[in-house]
Amino acid sequence: MDVKRVKQILSSPDDIEVKYHGQSVWIDKIDEVGTLATVHLKGQLEERSQVAIADLVEE
């Protein structure tokens, strides 16, 4: 996925399915450089991870 699409997903009111290594995730934010996104697994709000935007897949 690219930074432009992540920004579109973040600003969208729709529930857009995004996966990271096969796991459904919510995107919380992206970093200033635009290479990493902070995500959390759907249903588990406590554990957040920074992942490469390139590793996110829209389903």
Side-chain angles (χ1 to χ4, degrees):
M1 188 174 297
D2 62 26
V3 176
K4 180 180 175 184
R5 184 61 185 139
V6 171
K7 288 180 180 179
Q8 290 172 343
I9 290 170
L10 283 170
S11 65
S12 174
D14 298 328
D15 181 11
I16 299 169
E17 182 76 18
V18 176
K19 292 194 175 184
Y20 175 70
H21 294 286
Q23 297 282 327
S24 292
V25 297
W26 291 107
I27 302 171
D28 298 315
K29 62 181 180 178
I30 58 173
D31 68 352
E32 297 86 30
V33 181
T35 57
L36 297 175
T38 302
V39 301
H40 65 272
L41 294 175
K42 288 189 176 184
Q44 298 178 359
L45 298 177
E46 301 86 29
E47 189 175 336
R48 288 181 164 68
S49 302
Q50 281 198 321
V51 301
I53 289 173
D55 291 338
L56 297 173
V57 177
E58 184 175 353
E59 293 287 315

**Q** Asp15 and Lys42: which non-hydrogen atoms are nearest, and at how many Å?
**A** OD1-NZ, 3.5 Å

**Q** For Asp14, which residues count as a salt bridge (charged side-chain N to carboxylate O under 4.0 Å, His left out) partner, sequence neighbours excluded?
**A** none

**Q** Would you mind telling me which of Ile30, Ile27, Val33 makes a side-chain contact (heavy atoms from CB on, under 4.5 Å) with Ile53?
**A** Ile30

**Q** Group every Ile, Leu, Val, Met, Phe, Trp and Tyr by side-chain heavy-atom contacts under 4.5 Å, then state whether Leu36 and Trp26 land in the same group.
**A** no

**Q** For Ser49, what residues pass the side chain to side chain contact (heavy atoms under 4.5 Å, CB included) criterion, not counting sequence neighbours?
**A** Val51

**Q** Can you name the nearest heavy-atom pair linking Asp55 to Tyr20, along with the distance?
**A** CB-CE1, 3.6 Å

**Q** Once you round to the nearest 0.5 Å, how far does NE2 of His40 lie from CD of Gln23?
**A** 13.0 Å

**Q** Can you list the residues that meet the side chain to side chain contact (heavy atoms under 4.5 Å, CB included) rule with Val57, with sequence neighbours excluded?
**A** Glu59

**Q** Taking only residues two or more places apart in sequence, or in another chain, which ones meet Thr38 in a side chain to side chain donor-acceptor pair (under 3.5 Å)?
**A** none

**Q** Sequence neighbours excluded, which residues qualify as side chain to side chain contact (heavy atoms under 4.5 Å, CB included) partners of Glu58?
**A** Met1, Arg5, Ile9, Ile16

**Q** State which residues pass salt bridge (charged side-chain N to carboxylate O under 4.0 Å, His left out) with Asp28; sequence neighbours excluded, sorted by chain then number.
**A** Arg48

